[in-house]
Protein chains: 2
Amino acid sequence: MEAKQECFVEKLNHSDCAKSLLPVRDALDALNGKWKLQIVISLMFGNKRFTQIAKEIPNITDKMLSKELRDLEAHQLVKRTVYDSIPVVVEYTLTEHGRSLRDLIDVLRSWGIKHRNQVMGKVEASEAEEVEA
Amino acid sequence: MEAKQECFVEKLNHSDCAKSLLPVRDALDALNGKWKLQIVISLMFGNKRFTQIAKEIPNITDKMLSKELRDLEAHQLVKRTVYDSIPVVVEYTLTEHGRSLRDLIDVLRSWGIKHRNQVMGKVEASEAEEVEA
DNA sequence: CAGTATCCTGCACGATACTG
DNA sequence: CAGTATCGTGCAGGATACTG
């Protein structure tokens, strides 16, 4: 068995396993659902207002956007700021913590590309899949 | 070209965005559902037979285990091997590709731990609180 | 503009029984 | 042992209407 870098799996017995799975679940849950990922990515392009986000995400309903934003806020990934103007302006921002999703998403994306190539049968060029310019 | 660190998001406009999201979705989908993660982790401890896996994952039903294993097999993450003994023995194995989930899961886990600390209010000294207007 | 309030539908998942 | 087959349910998510 090859000794990879410190994979937590290596150190655990089965009863520990369920517990050590929890953080993984937490991470997955944070991006859970049909829309959170798109919302987060959208906010990586800059702070947005409710309607702006809605316009950028095809087919999302107000209800879902509202709900997902509240979820993201509860998870401290997104900050909601109300400006007391007339009419009221509400701005959504990624928190510092929310911005930390970037690296995670990049890792997911890299694996996803590998995965797609694998399933498509292209196994040869494993490293040649950088984003094309 | 060492720029491994930079986020793909930086380079994209919004219309590209949806497309670049697909691999991320692929990755998330590969671990989608209530049981896949546990099954994969279970197989990281060694090759297993159907009933063995079932015993290690509390509350999973035969139906769900069967279905999820078929999903994982379709995604080439798990290999199913039938040994022609009597009675028949079926062994489940992680493929090389399936083993590549290890690093991904570790990254998810790391972020998950950070996330939990963040939400619990324990912000490490390494990271300043992001409260400001 | 920035959302709620209702109502509805499909599908993920569960319970239980059966089989080669 | 290694699974199907059937039936049932909750809830994520959608459609549409309404509001301060």
Side-chain angles (χ1 to χ4, degrees), chain A residues 18 21 24-43 46-75 77-94, chain B residues 18 21 24-43 46-75 77-94:
Chain A
L21 234 93
V24 185
R25 203 107 256 166
D26 287 344
L28 259 10
D29 286 350
L31 292 177
N32 201 3
K34 192 171 174 180
W35 304 107
K36 290 198 186 67
L37 195 60
Q38 285 174 82
I39 295 171
V40 167
I41 299 274
S42 164
L43 289 176
N47 307 341
K48 302 271 168 64
R49 292 159 63 178
F50 188 89
T51 314
Q52 272 182 291
I53 305 175
K55 265 195 289 227
E56 285 175 14
I57 302 182
N59 300 323
I60 195 170
T61 61
D62 287 354
K63 175 192 158 188
M64 286 314 293
L65 180 53
S66 172
K67 179 194 166 290
E68 300 289 65
L69 281 170
R70 262 183 277 118
D71 283 2
L72 291 166
E73 207 191 343
H75 283 213
L77 297 166
V78 161
K79 180 155 160 256
R80 179 181 186 267
T81 311
V82 181
Y83 293 102
D84 244 3
S85 51
I86 298 177
V88 146
V89 167
V90 181
E91 191 181 61
Y92 290 94
T93 319
L94 285 183
Chain B
L21 235 93
V24 186
R25 204 107 253 167
D26 287 343
L28 258 11
D29 287 350
L31 291 177
N32 202 2
K34 193 171 173 180
W35 303 108
K36 289 198 187 67
L37 194 61
Q38 285 174 81
I39 295 172
V40 166
I41 299 273
S42 163
L43 289 176
N47 307 342
K48 302 269 169 65
R49 292 159 63 177
F50 188 88
T51 314
Q52 273 181 290
I53 305 175
K55 265 194 288 230
E56 285 176 13
I57 302 182
N59 300 322
I60 196 169
T61 61
D62 287 354
K63 175 191 157 189
M64 286 314 294
L65 181 52
S66 173
K67 178 195 166 290
E68 300 289 66
L69 281 170
R70 264 184 277 119
D71 283 3
L72 291 168
E73 206 191 345
H75 283 213
L77 297 166
V78 161
K79 181 155 160 254
R80 178 181 186 268
T81 311
V82 182
Y83 293 102
D84 245 4
S85 51
I86 296 179
V88 145
V89 167
V90 180
E91 189 181 62
Y92 290 94
T93 321
L94 284 184

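Throughout, a chain's letter reflects where its sequence line sits, starting with A, and its residues are numbered from 1.
- One interatomic measurement links the two molecules: OH of Y83(A) to P of dG3(C), which rounds to 14 Å at whole-angstrom precision.
- For E91(A) and dG3(C), the CD to P distance is 12 Å, given to the nearest whole Å.
- Under 4.0 angstrom from either OP1 or OP2 of dG3(C) there lies no side-chain N or O belonging to S66(A).
- Between the CG atom of D84(B) and the P atom of dG20(C) there is a distance of 18 Å, rounded to whole Å.
- Atom CD1 in I86(A) sits about 14 Å away from atom P in dA2(C), given to the nearest Å.
- Protein atom CD1 of I57(A) is 15 Å distant from nucleotide atom P of dA2(C), rounded to whole Å.
- Between R49(B) and dA2(D) there is a side-chain polar atom (N or O) within less than 4.0 angstrom of OP1 or OP2.
- Nearest nucleotide to the W35(B) side chain, out of dA2(C), dC13(C), dG13(D): dC13(C).
- Using a 4.0 Å cut-off, no side-chain N or O of R70(A) falls inside it from OP1 or OP2 of dA2(C).
- Atom CD1 of I39(B) is separated from atom P of dG3(D) by 12 Å (rounded to the nearest Å).
- Checked by distance alone, K63(A) brings a side-chain donor or acceptor within 3.5 Å of a matching partner on the base of dG14(D).
- Note on Y92(B): a side-chain N or O is less than 4.0 Å away from OP1 or OP2 of dG3(D).
- Residues W35(A) and N59(A) meet the side-chain proximity criterion, which asks for heavy atoms closer than 4.5 Å.
- Between T61(B) and K67(A), it is K67(A) whose nearest contact on DNA chain C lies nearer the 5' terminus.
- As the counterpart of dC18(D), dG3(C) is assigned, both hydrogen-bonding distances of the Watson-Crick or G-U wobble pattern falling under 3.5 Å.
- Across all non-hydrogen atoms, the minimal contact from E91(B) to R49(B) is CA-CG, 4.4 Å.
- Counting only heavy atoms from C-beta on, D62(A) has its side chain closest to dG3(C) among dA2(D), dG3(C), dG14(D).
- The listed nucleotides are dA2(D), dG3(C), dG14(C); the one nearest the side chain of V90(B) is dA2(D).
- In this structure, F50(B) and L69(B) have side chains that are in contact, with non-hydrogen atoms separated by less than 4.5 Å.
- Remark: P of dA12(C) and CG of N32(A) are 13 Å apart, rounded to the nearest angstrom.
- In terms of heavy atoms, Q38(B) sits closest to I57(B) at OE1-CG2, 3.4 Å.
- For the pair K48(A) and E56(A), the minimum side-chain heavy-atom distance is below 4.5 Å.
- Here dT19(C) presents its P atom at 18 Å from CZ of F50(B), a figure rounded to the nearest Å.
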